[in-house]
Every structure is written in C-alpha cells, then in structure tokens.
Amino acid sequence: MKLTFHLVWFLFFFFVATPREVRSQFQFNFNDSILVQKLGNALENPWAGGLNYAQFSELDYDFDGDLDLVVFDRSNDQIRVFVHVVEGGIHFYRFDPEGDAYFPSDLRYRMQLVDYDQDGKNDLFTYGIGGMKVFRNVGSPGSGLQWMLVKNLLYSDYNGNFMGLYVSSADIPAIVDVDGDQDLDILTFSIAGDHVEYHKNVSQEWYGHSDSLTFVLKNRCWGGFKEEVTSNAITLFDNSTLCTSGNVPNPETPVVIKPEDESKAHSGSTLLAIDLDNSGVLDLLIGDVAYGNLNKLINGGTGPNTHSSMVSVDPNFPSNSVSLDLQLFPAAFYLDVDFDGKKDLLCSPNAKGTSENEHSVWKYKNQGTTTLPNFIFETNSFLQEEMIEHGIGSVPVFADVTNDGLLDLFVANYFAYKPTLEKESRIAYYKNTGTSSNPIFTFIDADFLNLSQLNLGFRILPTFGDLNGDNKPELILGLENGTLMYFLNQSTGSSPIFGMPQTQFAGIDVGQFAAPQLFDLNKDGLLDLVVGEKTGEILYYENMGTTSLPNFQLLNAQLGGIDVEVQTPDGFPLPHFFTHNDTTYLLVGAFDGKLRFYDNIQSLSSGVFHLRSYPFLGLDLGAFSAAWVDDLDQDSRLDLYLGQDLGGIFRLEHQTGSTLSNNEVSFGVCNAYPNPFNELLTLESHESIGNITLFSLEGVKVFEGQISESKGSLSLHFLAKGVYLLKREGKVIGRFIKA
C-alpha cells in the first residue's frame, strides 16, 4: 500500500537490525527558514514542492472556522495543504507539510471536497472503479481531521438497472445541487462521451435529509446539447434519438455498463457547473482532453430546473479577458482564493505528463460578485509563482560556481513543458546572495548555460567538481543517452563561465539516463565518479589520474549491490553520497518516489552496502525522488533537500538530538518502532507517553490505550495487515505498516 508523503514534521525512521543491535535514528523536520528571492521579492512558500496538474478544493482543515486550500495533484496523486493564515490583518496561504497525513492514502485521479450531508464539513469524493467512492468527514476540533469510508462505489438507478454511477477515470464530474433541494446531484458525461447525464440525489425526497447518497438517472441529455466525440465542438438543441425519444422520463433501456470496463469510454472531459448569469439555473464550463480552452455554455432556463436547454456557447471563455489556453485538458474550480469573499476561478490541466507544468494554474480574479461573477485574468502561476517550480522530476544540486565560498543552488528536471505540445530539460540557477550562516537563494536563470538549446534529451543531470586543480568546479552532465558531457570552468570572477561542451569521457556510457555524482569515494584525495543508470544499478568509476588530469576507470558495474529496479517497475537511481563526522553515507532516489539510505560504505570493488532504511523516513514523494544533504547555514545541523515529481524542492533540517551514529541512542518527542511491525509496536519518549490511539486510513479508531511509562509496547496482533495512523495525546506521530 502506498505511503503518502507526509513529512510528518516529526519525521522519523528507526532501523532495528537484531535485538542485540542498538537502534539509531536520523530525523528531519520541515524548515523553510532559508529565503528564496525572485524578481526582487521573497517567495512566500519557496520550499512547498511545486505543482503540475492541480485540482482545488476548500476545507476547514484545522477546524479554526475558515476555509483552507487543499490541492490534489493528478501527476501522481499527491496532496498539498495550504492553510489560511491571518497575521497583522493580512490573509495569506502557508504550506502545511503535515497536511497530507490527514487524508486517505488510496486516492486516485481526482479529489473533490464538497459537503454532501449538509453538516458544515466538506466530505471527500474520489475515484472508485469506474465511478466514485466517498469518504465522510467525521473530524472535529477535538479529534482533528478524520475520514470514514461510506461508499466504496456510488450507484444509480439507470431506468431500473441499479449499477455503478459511471464517471471515467479521466473525467472531473460536477457534484452540485442541480434542482435546489439541498442535496448534491451529479452531472457527468456518459460513457459515449457526447452527452451529459443528470443523476438526481433522491435523499431529500425519499428520506427527508441530505446524507443518503442515493441516485436516479433523471436526464440522459442534460442541457440538450451534444459534444462531438472527435472534437470539443458543441451542438446546441441536439435532436438525436437519445435526447428525444431515448431520454427521461420515458427512456430507452440503456446499455448496461460494467463499472470496471472503461475500454469504450470517451477520452475525457471536465465539468464545472455554476450559475454564471444569476438566472437561477446552472451553466457549464467544459474542458476537453485534446484542447486547451473551456467552452462556456449558458443555460436558457430560469429558477431551479433540470430540463432547460443550453442556448449559447462561447469557446473563447472568458472572452472579456485573456481567454484560457492551457494547451491540453483544462479543468476549472470555483472558490475564493484571495480572501475577499468572492469566489474566483482557478484553471489547471487535467492531463498527466502532457500539458503545461510550470505555469499551470491560471487564476481569474472575480471582479464581480459570487452570484454574478466577472472573471479577469490575473496570473498563470497561482501558488507556483511563490515556489521553486521547474516542471517535472526536480533534482537539487549545490555547488559554488561564483568563487565566493557560498554554495549556489541548481535545480534540474526530467522535463518542463515547452509550447506547443513539446518538452525540454533545463537546469535552473539560484545564486547564493546571503552569507555562510544565512544563505539566501536568488533566482538568476531558468535555463543555465542555455542547455535546453543543445537538444540533449530529457533529464540532463549536473554534477560539479574541480577536475583540473584550479579550485573551480567543472560541470559534468549526465544525458538521456547514457553518456556524459563535460564543461570546463573558465570563470575569472564571480560570474560563472563555462566553455563549450566536450565529450571528455567518451568511454563512459551507462545505457540510458546517466545520473552522475563526483565524490571522493575511496578517500584518496581525487574525485571519483558514480553514475546511476535507468535499469537500476549504480556504476563506480575510480579516478586513476591526478588532481589536474582525471582518469576514470570502471571498477564496479553494480556498486554496493544496489539495484533499485527490484523495488520499482522502473529504475532511475539517483545517487547522493555525503560525509558526516568522517563517515560516508548514501541516499538513493528512484522512479518510485522513495529514498534508500545506505551505510557501511565499504568494499567498493565488490560487496553489498548495508541498506539501513527503505523507504527512508517513510517518505513517498510521488515519483522521481532526489536528495541532497549538506549543512548550508552552518548551524551544525544537516539540511536535507528533496526533489520530486512536482518540480519543486522541500527543505528539511536535521532535528536536534538525533544522530547518524550506529552506537548512540537519542530520542525526540516520541518515537515508535519497528516500521513495518508485526505484532508489537514499541514507543519511547523522554517522558510518560500517555494516551495512544490508532486509526485506519478511513478514520476508524482500531485501538486506544495508555502507556504510563516512558517506554512501552503495544500488542497489535489482532490488526489486519495495512497502514495505520498513530496518535499520541491526539497528535500525529506517523503512519505505520502492519506487515
């Protein structure tokens, strides 16, 4: 089961080898204290990790009475929470790195937060096989945010055939009160993809309340229009058989659709149903998988009704401002994101891997009212413009290229979107304009050395090191074709200048997607070369040359016995060796979004490194994990910089009191081990542990007990295998796997 990325921000991982060996830990907390500047402004959430294909919802996540912003990114089903904060009368969003720990882990394709039971708390709708599953919000100010699975699959009465309410995995339906009776209905495209179906929620009619998710298909041609299957063209007043004799209230018997069979489904559409002209009926904004615009359809009816027709279509929405053009598959979301009490419009692509991924959240400010909106374009990078954000598969690398003794930041990527319908790999450059104890990273260039113009393929990865003895770092690039490219450092002052690319190491070819690192692995004073290859192994090239003339010779084609493809369907290992207290360690990122932490880095020509923890810190970054460890602010606490699928960087700092040593025990607030556990889960603290509760990911409490001492074990043999959320005195400790 997938562990979601919650940098619990009591992040911890214990390694327990045998009862006789001593436990050790390596703890980090999220820390955004290092400033990042761009265009003269300090970014508000620089280390929030980026966004690609975002879906937006509102939720009172922290039960403080206001609405926070929850982002579900379709890229690899990641969640980001931005808490509504008020300081000095100023409203803004602050990234909460603990946020995704409070959501179910099995969310796929989409997430919509709406209040179906009218209790004032937004509930969660997500993909179920062929349709939708629903989690009810059962949290409270005392217990925090919790979810209970109430429907593994929504069903509807298709003219006497009670079956799964079909919603394609590619689609975003409209979950909205169509008929004004205070329960939420569903508008969704049919499996053919040409007409919108109206599934009426009959909870009020049948039961007199809103909390029964019981649906009946009431209109197979809602709005009376047709969207062409081969384009996004709209035909108004469609007079096809389905919309006339085949429609409700006397419909033809529809084809029975098996929920798990989506092979005949249309390519994809997104729906936002809102009243744009204050007529009392719902209009539509429709996005299509193959187009970058939204079609605006105006409903010709008045007052709540379910049968009036759309009477006009505008393919250039909003035609009174900058028309939306997101290249592919836009989805629209209606919510107040600038705290003025009026709902704005956010638009983002719903097309994983094939659309804009750096400037992919368009905000239209509502300069009208919520009941009669007037959308005016404001930015194409909402939230993203306040982050380090560079496409897909970010990789942080640090090197002093300005000869000032300060490490600068480089962010590589797998690729960024390039108009139109193309991709390119780039390296962004942030100069360190701070001091040795107070680094500040200032954005200089999104395409360092204009490397994208060299057409080197995807995922060009840099490593820096002085290879000619002049105390200036050279640049080596790992390329998609498995080879390396060399750039001589020709700087004479504080501006980095590199020569023309050279194939200095022509004999080195690892096959595909070379991921290099220069590091003195054998501690002989010469920089060696380690290179990850796509198939999962790491190759070690020992430097047999001199400080002024390197000579890299292959010593081991599978360094440390590592093959990350054993744990992930694809490899893409990205090695990062680092030294702490004269001991060498290794972190390896990979396609699966997890990190592997190795110690006992010996036997370089053969032998196996000791895998100390996997996944390191319990992290799942979605995809393309990358790590860099260094003490950049020289406060004697290591920093951990994480790159990942969404194109941004997370910054963590080593927690005071924890250690990398194998012979020292050190405790944080409260620690638990082992993870995964079988029958016993042990907790330790520097004080009495107190009340302990364990919840399933659906929010069901499965255990509650007390530990009055500073150490104790829980006997949990009765639990089914799975992932559980552990709380101490109501505060999250982490997620644990029952193996």
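Basis for what follows: all heavy atoms, side chains included, without hydrogens, waters or symmetry-related copies. Since we're looking at a predicted model, the values are computed, not measured. Numbering of residues begins at 1 and proceeds along the displayed sequence.
- A donor atom on one side chain and an acceptor atom on the other are not found under 3.5 Å apart for Asp528 and Asn543.
- In this view, Arg426 and Glu358, Glu424 satisfy the salt bridge (charged side-chain N to carboxylate O under 4.0 Å, His left out) rule, not counting sequence neighbours.
- With hydrogens and angles ignored, the 3.5 Å screen pairs no side-chain donor or acceptor of Thr535 with any backbone N or O of Glu565.
- Taking CZ from Arg459 and CG from Asn413, the interatomic distance works out to 10.0 Å, rounded to the nearest 0.5 Å.
- For the pair Asp408 and Lys431, the salt-bridge criterion is not met [side-chain N within less than 4.0 Å of a carboxylate O].
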Full working for side chain to side chain contact (heavy atoms under 4.5 Å, CB included) between Gln558 and Asp563: CA-CA 8 Å; Gln558 191 175 358; Asp563 183 359; 3.6 Å; yes
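- At least one test fails for Lys352 against the ring of Tyr53: distance under 6.0 Å to the centre or angle within 45° of the axis.
- For the pair Asn350 and Ala170, the tightest heavy-atom approach, listed with the atom from each and the gap, is ND2-O, 2.9 Å.
- When each of Leu554, Leu555, Asn556 is paired with Glu542, the side-chain contact (heavy atoms from CB on, under 4.5 Å) condition holds for Leu555 and for no other.
- The minimum heavy-atom distance between Ile538 and Val588, with the atom names listed, is CD1-CG2, 4.0 Å.
- Looking at Asp100 and Arg80, no side-chain N of the basic residue comes within less than 4.0 Å of a carboxylate O on the acidic one, giving no salt bridge.
- Residues passing the side chain to side chain donor-acceptor pair (under 3.5 Å) test with Gln602 are Asn600, sequence neighbours excluded.
- Using modelled atom types, one finds a donor on one side chain and an acceptor on the other under 3.5 Å when comparing Ser452 with Asp447.
- Nearest heavy atoms, Gly49 versus Gln644: O-NE2, 2.7 Å.
- Counting only heavy atoms from C-beta outward, the side chains of Leu587 and Leu574 never approach each other to under 4.5 Å.
- The aromatic rings of Tyr585 and His580 sit tilted relative to each other, their planes meeting at an angle between 30° and 60°.
- No cation-pi contact links Lys423 to Tyr417, judged by a cut-off of 6.0 Å to the six-membered ring centre and 45° from its axis.
- Ring geometry for Phe591 versus Phe624: interplanar angle over 60°, hence perpendicular rather than tilted (30 to 60°).
- Taking the side chain as every heavy atom from C-beta outward, Leu484 and Leu477 never approach each other to under 4.5 Å.
- When side chains are defined from C-beta on, Ile508 counts as touching Leu529, because their heavy atoms get closer than 4.5 Å.
- Side-chain contact between Leu527 and Leu467 is present, with at least one heavy-atom pair separated by less than 4.5 Å.
- Gln634 and Ser636 share no donor-acceptor pair across their side chains, judged by distance under 3.5 Å alone.
- Thr463 contributes a side-chain N or O that, together with a main-chain N or O of Leu518, makes up a donor-acceptor pair within less than 3.5 Å.
- Thr126 contributes a side-chain N or O that, together with a main-chain N or O of Arg110, makes up a donor-acceptor pair within less than 3.5 Å.
- Judged by distance alone, the side chains of Asn380 and Glu385 never bring a donor and an acceptor atom under 3.5 Å apart.
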Might you work through the side chain to side chain contact (heavy atoms under 4.5 Å, CB included) test for Asp96 and Phe82, ending with a clear yes or no? CA-CA 6 Å; Asp96 184 351; Phe82 294 85; over 6 Å; no
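- Remark: of the listed residues Ile388, Ile440, Thr442, Ile388 is the sole one forming a side-chain contact (heavy atoms from CB on, under 4.5 Å) with Tyr430.
- Using cut-offs of 30° and 60° on the angle between ring planes, the pair Phe513 and Tyr414 is tilted.
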How far apart are the C-alpha atoms of Asp77 and Arg108, what are their side-chain angles, what is the distance that settles it, and do they pass the salt bridge (Lys or Arg N to Asp or Glu O under 4.0 Å) test?
CA-CA 6 Å; Asp77 304 329; Arg108 298 174 61 199; 5.2 Å; no
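- Classified by interplanar angle (parallel below 30°, tilted 30° to 60°, perpendicular above 60°), the ring pair His654/Phe28 is tilted.
- Taking 4.0 Å as the cut-off between side-chain N and carboxylate O, Asp633 and Arg651 count as a salt-bridged pair.
- Judged purely by distance below 3.5 Å, without hydrogens or angles, the side chains of Asp599 and His610 pair a donor atom with an acceptor atom.
- Separation of the Phe597 and Tyr614 ring centroids does not fall under the 6.0 Å cut-off.
- Under a 3.5 Å cut-off, the side chain of Asn432 and the backbone N or O of Phe441 do not form any donor-acceptor pair.
- Between the CG atom of Leu346 and the CD atom of Gln55 there is a distance of 12.5 Å, given to the nearest 0.5 Å.
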For the pair Val81 and Ile79, evaluate side chain to side chain contact (heavy atoms under 4.5 Å, CB included) and give the outcome as yes or no after the intermediate values. CA-CA 7 Å; Val81 174; Ile79 292 176; 4.2 Å; yes
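- The side-chain heavy atoms of Ser75 and Leu646, taken from C-beta on, include a pair separated by under 4.5 Å.
- A salt bridge links Arg637 to Glu653: at least one charged side-chain nitrogen sits closer than 4.0 Å to a carboxylate oxygen.
- With ring centers used as reference points, Tyr641 lies under 6.0 Å from Trp47.
- A side-chain donor-acceptor contact under 3.5 Å links His576 to the backbone of Val629.
- Atom-to-atom distance recorded for Leu595:CG and Leu642:CG is 6.0 Å, nearest 0.5 angstrom.
- At a threshold of 4.5 Å between non-hydrogen side-chain atoms, the residues Leu69 and Leu383 count as touching.
- Among all heavy-atom pairs drawn from Pro501 and Met485, the shortest one is CB-SD, 3.3 Å.
- Leu113 and Ser57 get closest at one heavy-atom pair: N-OG, 3.2 Å.
- Taking each heavy atom of Asn52 and Asp645 in turn, the nearest pair found is ND2-O, 3.2 Å.
- Side-chain contact between Phe464 and Phe410 is present, with heavy atoms from C-beta onward closer than 4.5 Å.
- Using modelled atom types and a 3.5 Å distance limit, the side chains of Gln384 and Glu389 yield a donor-acceptor pair.
- Ring pair Phe577/Phe519: centre-to-centre distance below 6.0 Å.
- Between Phe458 and Phe415, the ring planes are tilted. Angles from 30° to 60° get that label.
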Practice item. May I have the step-by-step check of side chain to side chain contact (heavy atoms under 4.5 Å, CB included) for Tyr724 and Phe695, ending in yes or no? Key: CA-CA 6 Å; Tyr724 296 90; Phe695 296 87; over 6 Å; no
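- Using a 3.5 Å distance cut-off with no hydrogens or angles, the side chains of Asn31 and Ser33 do pair a donor with an acceptor.
- Atom-to-atom distance recorded for Arg94:CZ and Asn45:CG is 8.5 Å, nearest 0.5 angstrom.
- Here Ile172 contributes atom CD1 and Tyr109 contributes atom OH; the two are 13.5 Å apart, rounded to the nearest 0.5 Å.
- Checked against the 6.0 Å centroid criterion, the rings of His359 and Phe382 do not qualify as a close aromatic pair.
- The structure places CG of Leu726 at 6.0 Å from CG of Leu681, a figure rounded to the nearest 0.5 Å.
- With a 4.5 Å cut-off on side-chain heavy atoms, Asp32 and Phe95 do not count as touching.
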